[in-house]
> 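Encoded as structure tokens, here's the structure I'll be asking about.
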Amino acid sequence: MNIHPTVQEAASIFAEAGKQVFLVGGAVRDFLQGRKPKDWDLATDARPEEVIGLFHKRNTGPAGKDRRSFVVPTGIKHGTVTVHFKGLCMEVTTFRSESGYSDGRRPDTVEFGFSIEEDLSRRDFTMNAAAYRLPRGPLVDPFGGRGDVKKRVIRCVGDPEQRFSEDGLRPLRALRFASQLEFKVDEKTLAAIPTVLSITAKVAPERARDELDKIIASAKPSNALLLMEKTGLLALLIPELAACRGVMQDRAGGFGFHRFDVLDHSLLACDFAARRGTEQHVRLAALYHDIGKPPAAQTDDAGVRTFYRHEKESSRLARELMLRFRYPNAVTDKVCRLVEEHMFHYDETWTDAAVRRFVIRAGEENLPDLYALRRADTYAQAGKEPAPQFLVPLMRRVEETLAAGRALSLKDLEVSGKDLIAAGMPAGRHMGIILNELLEAVVDDPALNTKERLLEIAGKIHERYGK
Ligand code: ATP
Ligand code: MG
């Protein structure tokens, strides 16, 4: 194993203090697969306060920005601290013994263990339960983790049902790893998931969200999402999405341009967004852009299905579910805005005013994401790559409009609230209404954007409201 020299240097500090230290978790898995680890999780018999004593404010040599190491008590209740040492960051956890999860949400208490074997036996999967003693081995692998990594199999340490019952997050972790590592889930491990759904139901929402986010961040999120569906996790955690199964979008007779039901369509869109390397909020928007379709579906007398204004319902449901998972508001807002605006239908008959209105509705800064979402949506209708020219005419029109510098927001108006007050209009609620009406007028006719004209129009609006 080719261990980072700084990690080895940190290990020698443990050794000098008479402490054991092992590389654990993802780094060992990466090594067994011949990959370079991205983070360094360590396990030690040193107590958290001893680790702090060894590394906090330790002088690490000649001047420079990384001269002093420091320790952050990231999860000290669970025995974890983060050591920042010479520019590297290592999660160091004291050996633990089995801890109870009586409420299925989080471990109740943490008891420190005495040996690495005991520590490994409380870990979730065999591939995560191997440890490499620093500095030079051996590999401690009591559950056959090495073999399972070679076979690319995710298998619980011990009895799956029991291990899942201890912590209802583990089923979701299994599927997350399946997607992230492109491993298979062992049959017995997979079969245990539907039997412990009531335990998973109790998991703290932000813990589940962290796993969902890792699924979304993987190269092909549908790998995990389909397994979630199969095991009942999707209906449990994201029932809005599960309800999209079987909702067909073509005409009753099988015409129309959609080939898939709403769930497969959503998964294809999300996979496409992932393949294009888009950011998290675009992938989430791709996944949730149509969840309003099941409640919005209507079939007319001719047997044609419509989903009138489903984007509003999708955005409402996406907000509800993201709130449930305690996403930061900024992320939720971005996702919901994209979802709500995804149904534009550009053609050359759009007037310049229509183009400007489109930009205002979507928000100029969201346009690249909105285009990316629309590409994913279009791909997912038939599983076919959109033509290279797709969206280009609209993008060109938008660029022209923006380049023409025509007013697109209040700050682009040639008058401000101050000007209106100076012209004798009262400050207060009316002011906002007047400014917005002015903006609408300018969007329709940019030639109106002069101080003189705007003051004139404002006077008329003021008169109208004054009465
Ligand atoms: P990555 O960091 O790449 O997502 P990882 O394996 O390091 O993968 P972490 O979530 O960082 O995953 O957890 C580190 C280790 O802690 C795991 O490898 C596993 O041994 C153990 N672990 C984490 N969460 C649990 C859990 N809920 N139940 C049992 N063991 C766990
Ligand atoms: Mg890790």
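Atoms within a ligand are numbered from 1 in the order they appear, just like the ligands themselves.
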> Say whether M127 and ligand 1 are in contact under the criterion: heavy-atom distance to a ligand atom below 4.0 Å.
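Heavy atoms of M127 never come under 4.0 Å of ligand 1.
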
> Does S314 form a side chain to side chain donor-acceptor pair (under 3.5 Å) with D290? I'd like the steps, not just the answer.
CA-CA 6 Å; S314 298; D290 274 351; 4.9 Å; no

> Evaluating non-hydrogen atoms only, which member of L169, L172, D167 is closest to atom 27 (N) of ligand 1?
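Looking at heavy atoms only, the winner is D167.
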
> Would you say the ring centers of H310 and H342 fall short of 6.0 Å from each other?
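Aromatic pair counts; centres sit under 6.0 Å.
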
> Could you tell me, atom by atom, which parts of ligand 1 come under 4.0 Å of a heavy atom of G26?
5 (P), 6 (O), 7 (O)

> Could you go through residues 315-324 and list every donor-acceptor pair under 3.5 Å that involves a side-chain atom there, pairing it with any protein atom two or more places apart or in another chain?
| from | atom 1 | to | atom 2 | distance (Å) |
| --- | --- | --- | --- | --- |
| S315 | OG | E340 | OE1 | 3.2 |
| R316 | NE | E313 | OE1 | 3.3 |
| R316 | NH1 | E320 | OE2 | 3.1 |
| R316 | NH2 | E313 | OE2 | 2.8 |
| R319 | NH1 | D333 | OD1 | 3.0 |
| R319 | NH2 | D333 | OD1 | 3.3 |
| R324 | NH1 | E240 | OE2 | 2.8 |
| R324 | NH2 | L237 | O | 3.0 |
| R324 | NH2 | E240 | OE1 | 3.2 |
| R324 | NH2 | E240 | OE2 | 3.4 |

> For D210, which residues count as a side-chain hydrogen bond (donor to acceptor under 3.5 Å, both in side chains) partner, sequence neighbours excluded?
none

> Ignoring hydrogens, just give me the one of T126, D119, D210, D124 whose non-hydrogen atom is nearest atom 29 (C) of ligand 1.
D124

> Contact between F177 and ligand 1, counting heavy atoms under 4.0 Å?
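F177 counts as a contact of ligand 1 under the 4.0 Å cut-off.
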
> Which atoms of ligand 1 sit under 4.0 Å from any heavy atom of K214?
4 (O)

> Give the atom numbers and elements of ligand 1 that come within less than 4.0 Å of a heavy atom of G25.
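Those of ligand 1 that fall under 4.0 Å from G25 are 18 (O).
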
> Atoms of ligand 1 less than 4.0 Å from D41 heavy atoms?
7 (O), 11 (O), 14 (C)

> Would R58 and F85 count as a cation-pi pair here, with the cationic atom under 6.0 angstrom from the ring centre and within 45° of the axis?
no

> Atom 22 (N) of ligand 1: which of R123, R173, E91 has the nearest heavy atom?
R173

> R122 heavy atoms, cut-off 4.0 Å: which ligand 1 atoms fall inside?
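That gives atoms 29 (C) of ligand 1.
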
> Donor-acceptor check, side chain of R397 to backbone of W350, threshold 3.5 angstrom: yes or no?
yes

> Can you list everything that forms a side-chain hydrogen bond (donor to acceptor under 3.5 Å, both in side chains) with T195? Sequence neighbours excluded, please.
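Partners of T195 by the side-chain hydrogen bond (donor to acceptor under 3.5 Å, both in side chains) criterion come out as none, since no residue qualifies.
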
> Determine whether more than 12 heavy atoms belonging to other residues, nucleotides or ligands lie under 6.0 Å from atom CZ of R146.
no

> How close do Q33 and F183 get, heavy atom to heavy atom, and via which atoms?
NE2-CE1, 3.5 Å

> Does the residue K38 have a heavy-atom contact with ligand 1, meaning some pair of atoms that are separated by less than 4.0 Å?
yes

> Between R259 and A382, which heavy-atom pair has the shortest distance, and what is it?
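Between these two residues, the closest heavy atoms are NH1-O, 3.2 Å.
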
> Between E50 and R47, is there a donor-acceptor pair closer than 3.5 Å when you use the side chain of the first and the backbone of the second?
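Present.
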
> Please say whether the positively charged group of R275, taken as NZ for Lys or CZ for Arg, lies over the ring of Y379, i.e. under 6.0 angstrom from the six-membered ring centre and within 45 degrees of the axis.
yes

> May I ask you to list the atoms of ligand 1 that are less than 4.0 angstrom from any heavy atom of D39?
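Those qualifying, in numeric order: 2 (O).
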
> For the Mg ion (ligand 2), which protein N/O/S atoms fall under 2.8 Å? Skip waters.
D41 OD2

